[in-house]
There are 4 protein chains.
Amino acid sequence: MRTVAVTKIGSLRDPDDQTRGRIGVVDFPDQPLGPEDVRIRVAYSAICGSDPHLAEGFFGTDVPIGLGHELSGVVEALGERAHRTGLSIGDRVAGNFLRFCGTCTPCRTGRQQFCEHIQDYNRPGMAETVTWHESQVYRLPDSVSLLQGCLLEPTSVAVRIADKTNIRVGDRVAICGGGPIGQLALQVMRMNGATSLTLIEPIAERRAMAQRHGAQHVIDPITESQAVRAGEITDGRGFDVVIDASGSSRAVRGLLDIAAQGATVIYGAMYPHDFEMPLNLSDYLYLKELTLTGLFVSPYAFPRALQILPHLDLAELTQAVFDLEDAPEAFAVHVSGRYPKVILRCNDIVDEGAIA
Amino acid sequence: MRTVAVTKIGSLRDPDDQTRGRIGVVDFPDQPLGPEDVRIRVAYSAICGSDPHLAEGFFGTDVPIGLGHELSGVVEALGERAHRTGLSIGDRVAGNFLRFCGTCTPCRTGRQQFCEHIQDYNRPGMAETVTWHESQVYRLPDSVSLLQGCLLEPTSVAVRIADKTNIRVGDRVAICGGGPIGQLALQVMRMNGATSLTLIEPIAERRAMAQRHGAQHVIDPITESQAVRAGEITDGRGFDVVIDASGSSRAVRGLLDIAAQGATVIYGAMYPHDFEMPLNLSDYLYLKELTLTGLFVSPYAFPRALQILPHLDLAELTQAVFDLEDAPEAFAVHVSGRYPKVILRCNDIVDEGAIA
Amino acid sequence: MRTVAVTKIGSLRDPDDQTRGRIGVVDFPDQPLGPEDVRIRVAYSAICGSDPHLAEGFFGTDVPIGLGHELSGVVEALGERAHRTGLSIGDRVAGNFLRFCGTCTPCRTGRQQFCEHIQDYNRPGMAETVTWHESQVYRLPDSVSLLQGCLLEPTSVAVRIADKTNIRVGDRVAICGGGPIGQLALQVMRMNGATSLTLIEPIAERRAMAQRHGAQHVIDPITESQAVRAGEITDGRGFDVVIDASGSSRAVRGLLDIAAQGATVIYGAMYPHDFEMPLNLSDYLYLKELTLTGLFVSPYAFPRALQILPHLDLAELTQAVFDLEDAPEAFAVHVSGRYPKVILRCNDIVDEGAIA
Amino acid sequence: MRTVAVTKIGSLRDPDDQTRGRIGVVDFPDQPLGPEDVRIRVAYSAICGSDPHLAEGFFGTDVPIGLGHELSGVVEALGERAHRTGLSIGDRVAGNFLRFCGTCTPCRTGRQQFCEHIQDYNRPGMAETVTWHESQVYRLPDSVSLLQGCLLEPTSVAVRIADKTNIRVGDRVAICGGGPIGQLALQVMRMNGATSLTLIEPIAERRAMAQRHGAQHVIDPITESQAVRAGEITDGRGFDVVIDASGSSRAVRGLLDIAAQGATVIYGAMYPHDFEMPLNLSDYLYLKELTLTGLFVSPYAFPRALQILPHLDLAELTQAVFDLEDAPEAFAVHVSGRYPKVILRCNDIVDEGAIA
């Protein structure tokens with residue numbers, strides 16, 4: 001089965017062709033169809049901001065490393081007992097690349113994100129097919145196209161970010177970072193009670209995109225004083241919720257200063273393994289009573305992500321589509337930043353269900 | 001000082017002129033200006049759905065009973081120590097008709113809504129001026145007109161309703177009752193994460209108004225089966241949040257049936273003193289684990305109500321404006337239901353601040 | 001396999017021998033051992049207050065109806081893939097009689113209590129052995145005996161009750177009903193921040209038992225004025241948390257009056273199918289802002305129930321033990337109320353692990 | 001009025017007599033009695049761990065700096081309108097050294113801890129009398145002596161710590177630091193659902209004291225491996241709640257490693273102004289989803305602190321009592337660490353109310 005994979009460890013941004021990481025399309029064995037499993041013929045599989053981290057060896061260095069966890073497709077086969085969610089052959093679906101076992105202690109305490117068997121069904125989805133446990137699969141609403149549906153997983157991340165903010169309607173919200181997660185979080189927070197909604201982002205195009213999707217304010221942290229602008233926007237009070245979606249060790253430094261007293265600050269990205277942010281306990285936790293937290297994956301969030309998917313404007317995130325075999329080029333375009341999101345077409349599937 | 005008041009106890013809907021309650025404009029003594037007080041020349045004062053209940057003697061029967069607690073105006077005088085919020089003469093303001101004492105046990109436990117001295121500053125606001133403690137007064141944003149500003153108080157009620165729902169983004173929400181609180185709650189919940197947002201309301205005009213302001217679905221409980229429609233809208237699961245803004249003993253009966261398992265049901269209106277809703281504990285609290293709650297007033301909600309006020313579409317709620325001296329006619333129009341909201345112009349004030 | 005069962009539908013309290021329900025010990029077929037299953041040789045299985053409801057046909061009328069869901073035992077066999085929780089043959093265990101499928105929508109939204117396949121592994125545990133999915137099984141700490149361990153399930157219910165109270169340390173708490181769940185809830189709430197902890201119970205022995213286990217006050221609702229006593233105990237403020245563990249339609253009536261403003265009232269028992277409690281919306285939800293809720297089963301609570309089990313004083317709840325074959329007599333004793341809890345010894349197992 | 005004060009800025013631990021900070025008893029003018037004020041003849045005033053920080057100039061360097069904010073006493077005079085809480089001359093009281101204005105934005109959003117006028121009534125309480133606004137004063141229960149009552153304020157801090165933990169019954173809890181706040185937090189968490197309750201503290205006497213008051217485990221971080229011990233105590237899972245009450249920049253470093261996945265870590269002490277804790281975002285916020293927060297003061301917590309005060313064992317915290325004029329010696333003893341808490345007797349008052 002044709003599958004996109006990291007075939008050589010290294011930075012995809014490395015200018016030196018000798019040491020640069022490499023993406024290829026290789027043949028992987030078919031995954032077995034267990035009695036509770038669902039085989040999906042993949043329609044679209046999107047490149048995630050974390051994929052280049054995998055190329056750098058963040059989670060391991062044994063190549064080839066299959067890629068792809070943001071996908072949509074059509075049910076092609078069902079295991080003999082895969083009937084708990086009422087799926088049928090031909091159903092248009094998307095889902096969660098992680099299966100939660102339901103048996104380990106984290107699962108039994110309501111913390112699936114720490115499931116001890118979370119990797120059991122984590123299979124590469126930039127492929128002709130993917131086989132998942134039925135608990136990972138969600139039927140798409142008619143109004144969501146297969147192309148839009150491959151964004152269910154990053155949308156679930158934005159939902160989980162929203163959940164962790166504990167926002168109350170009318171709270172002031174800033175988001176740092178205008179990549180796909182930042183843009184999705186912006187749209188989700190806009191419909192989740194945010195006011196004075198502000199995106200902090202050095203790239204002008206991303207700021208403009210945010211303004212087209214509900215940002216009331218944008219800050220360019222290079223040419224503007226982030227602290228001064230935040231003060232103007234919030235009447236000197238700071239933001240009640242600050243979300244980092246940048247993953248940048250430089251960008252996160254000033255975020256505690258633009259947070260309001262008692263605010264919640266969410267670290268919603270991946271950070272360099274060895275980066276330690278200096279945290280002044282006296283200023284930020286004692287005097288200002290900030291709450292800092294983050295998130296790994298998005299348990300319990302998919303059904304609500306499905307509910308909001310039809311309300312999101314995904315046009316700009318679905319304009320760059322490449323064929324599976326052109327994955328190396330697609331990754332090069334992803335790395336270039338030319339498009340906010342790059343998507344692979346893994347099979348040519350006529351999308352009969354989508355109304356919109 | 002000219003003040004609108006109940007001058008005779010009785011139902012304003014009573015067809016018999018002899019027994020019908022009466023609204024008049026009478027002279028009340030000026031309120032004293034204490035050292036921490038603020039005198040406001042009232043611009044607009046809106047009729048609340050609860051005002052006719054006062055005419056019926058809900059909170060007492062000694063006439064005249066001064067009316068008006070949804071108001072905006074301009075600061076006319078400040079007590080010698082009324083400087084904690086930085087108010088100046090001429091500021092455009094609105095506020096909370098209740099003062100929380102800060103000293104009683106409820107105030108000291110974070111439950112101002114039960115303040116034991118809550119009535120100390122509750123003064124009629126359908127008047128030429130009203131004098132409040134400075135803690136009750138909020139400066140309006142430039143983008144909010146004085147006419148819109150008199151809706152700050154009902155907006156704070158909608159915010160408090162939203163707070164008590166504990167909604168998570170993507171939850172399905174139904175609102176029963178399309179009066180002013182229902183319409184405001186609809187707009188607030190639309191920007192607070194609601195999906196499948198549904199208004200249940202027998203009057204066609206109110207349903208149409210809801211659809212113009214974000215309702216995805218409407219149900220006419222007279223001609224449609226509320227339960228069947230709810231099932232269709234929610235995929236058979238019911239609504240995660242159900243809000244009653246009707247106050248109708250007939251309307252509230254079926255709401256528990258359209259609530260999803262584990263849902264929250266908010267009773268957000270005033271109900272007849274002696275009405276007892278039959279509550280099947282086995283079906284609704286044991287098997288379905290519903291949470292039922294309600295709210296009296298809206299503490300801690302005004303700053304956030306101010307934040308969202310510029311985002312609400314208040315045009316249809318501010319189209320019927322009467323002069324103070326025409327209060328009897330205004331109340332008759334209110335009772336007729338011809339307009340979703342009726343407002344009194346208490347003074348002719350040029351609104352210099354409003355941009356919109 | 002010898003199994004205790006309802007062999008004739010009817011009230012176990014019926015004085016008429018002809019119509020009285022009947023409990024017998026009958027032969028049931030062995031349950032199959034699936035690949036992820038665990039077979040437990042049952043040591044002890046306790047009679048639950050809900051068992052007589054089953055005899056009356058609450059959940060169905062096809063006899064025989066196997067009984068028993070509060071049990072402990074020793075692992076006798078493991079399916080070939082039942083290795084996720086590290087269980088071994090001979091392990092001392094207890095568990096949850098319900099298996100949550102992990103695949104249906106409620107499971108995927110973090111609401112296992114509404115699992116759509118909750119009955120799949122609900123098998124009678126007053127038997128020689130029971131076979132469960134491994135996700136239902138928990139290893140007992142060394143300091144908990146097998147006899148104590150059969151109370152893990154009712155303890156999990158008390159934990160879930162505690163979870164739903166949203167108690168803050170120092171809140172005043174009243175519990176209505178001094179049966180096993182009431183007594184366990186009392187002990188759990190005592191270690192969960194409760195002050196002015198009060199048990200309301202007409203039977204003197206149960207009140208005395210509560211006082212031996214941490215109740216600061218007891219109220220006899222027959223001879224005392226519950227409202228007057230509650231006022232004395234709480235300085236006239238009422239209880240911040242009120243828990244009903246009585247299931248009595250008579251007892252629940254006055255509970256809303258002894259609740260403090262803003263209090264939470266938990267209906268933590270089973271109630272007659274057709275009982276409708278009259279709920280004055282104006283008094284209790286509008287003016288007093290009470291929150292009413294209940295619970296069906298106890299998801300996500302077992303690991304913490306295991307943590308607190310060694311801290312509970314279970315001596316009085318484990319003093320009445322009957323052999324499996326004497327189940328009819330055990331049920332008669334249960335119905336008599338002579339002991340707070342009656343337990344069946346299903347096998348004679350030497351308890352090597354227990355320290356205490 | 002005789003008042004204990006910092007009379008020279010400097011560390012109280014400085015071995016050099018020339019540069020060491022100095023505590024003296026000086027004459028301060030009487031505080032005026034406003035119409036809503038209460039004058040208290042101070043019985044006891046305890047030395048707080050933060051007082052030496054004041055001597056070092058943490059909050060300002062203009063001497064003399066009056067001290068004392070943990071106090072009890074007897075009402076000596078009432079302003080003409082100080083009748084909202086029903087206080088009478090002679091009442092035994094304690095209270096909050098901070099007055100919350102009720103008018104600024106933080107107060108009006110339910111965040112009194114950030115009150116913009118929080119210092120208005122912050123007056124030295126190691127004095128013959130102190131005059132507070134009535135909202136700061138709480139009547140002591142009969143069962144609490146004046147000597148115990150001066151610990152109401154630190155108890156309120158322990159309550160606020162407990163509030164911020166969001167603990168659920170059965171969660172595992174570790175506390176770092178066995179000073180007065182650590183010991184009080186230990187007792188409060190023991191009655192607030194904690195299991196595996198562990199104190200981490202290098203001083204043997206403080207560990208022994210914790211074991212006398214409910215600690216199930218103690219760790220000496222000097223001679224033991226904190227991480228290894230934590231693993232043993234928690235079955236390798238870590239603590240669900242970790243509370244720092246040490247304020248030590250060395251002690252806080254390892255705390256994130258003994259926290260369980262998804263745990264809450266509370267920084268409940270004062271920290272050096274310029275100390276920056278290195279925080280690895282990838283390890284602790286991304287992969288482990290920890291929540292870090294802290295607290296400044298204890299709003300909304302006093303009524304519940306009063307409720308739990310009779311349940312605390314305060315004997316060891318009230319054994320070292322010095323007369324007001326011996327304050328310099330008392331502070332020297334405090335700094336020596338010989339007693340867990342040192343208290344000043346500010347007046348000789350016969351304690352008629354206390355039962356215990």
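The model shown is predicted, which means the values in this text are computed figures rather than measured ones. Sequence lines set the chain letters: A, B, ... in the order given, protein chains first and strands last, and positions in each chain run from 1.
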Asks: Check C:Gly238 against C:Arg172 and note the closest heavy-atom contact, atom names and distance.
Replies: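 Shortest heavy-atom separation between C:Gly238 and C:Arg172 comes out as O-CD, 3.9 Å.
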Asks: Any side-chain to backbone donor/acceptor pair from D:Lys164 onto D:Gly294? Under 3.5 Å, distance only.
Replies: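 Between the backbone of D:Gly294 and the side chain of D:Lys164 there is a qualifying donor-acceptor contact (under 3.5 Å).
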Asks: Under 4.0 Å between a Lys/Arg side-chain N and an Asp/Glu carboxylate O for C:Glu316 and C:Lys341?
Replies: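 Here C:Glu316 does not pair with C:Lys341 in a salt bridge, since their nearest N and O are not under 4.0 Å apart.
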Asks: Tell me, for D:Asp171 versus chain C, whether the close heavy atoms (under 4.5 Å) come from the side chain, the backbone, both or neither.
Replies: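 Answer is both: backbone and side chain atoms of D:Asp171 are under 4.5 Å from chain C.
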Asks: For a quick test of reading the model, state the closest non-hydrogen atom pair linking C:Arg139 to C:Gly86 and the distance between them.
Replies: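 So the minimum-distance heavy-atom pair works out to NH2-O, 2.6 Å.
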Asks: Could you tell me which residues in residues 179-197 of chain D have at least one non-hydrogen atom under 4.5 Å from a non-hydrogen atom of chain C, sorted by residue number?
Replies: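 Residues in range: D:Val188, D:Arg190, D:Met191, D:Asn192, D:Gly193, D:Ala194, D:Thr195, D:Ser196.
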Asks: Check this for me, if you would: do C:Arg99 and C:Glu134 make a salt bridge, where the nitrogen-to-carboxylate-oxygen distance has to be below 4.0 angstrom?
Replies: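 Judged by the 4.0 Å cut-off on N to carboxylate O distance, C:Arg99 and C:Glu134 do not form a salt bridge.
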Asks: Hey, is C:Arg304 close enough to C:Asp163 for a salt bridge, meaning N to O under 4.0 Å?
Replies: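 Salt bridge present between C:Arg304 and C:Asp163.
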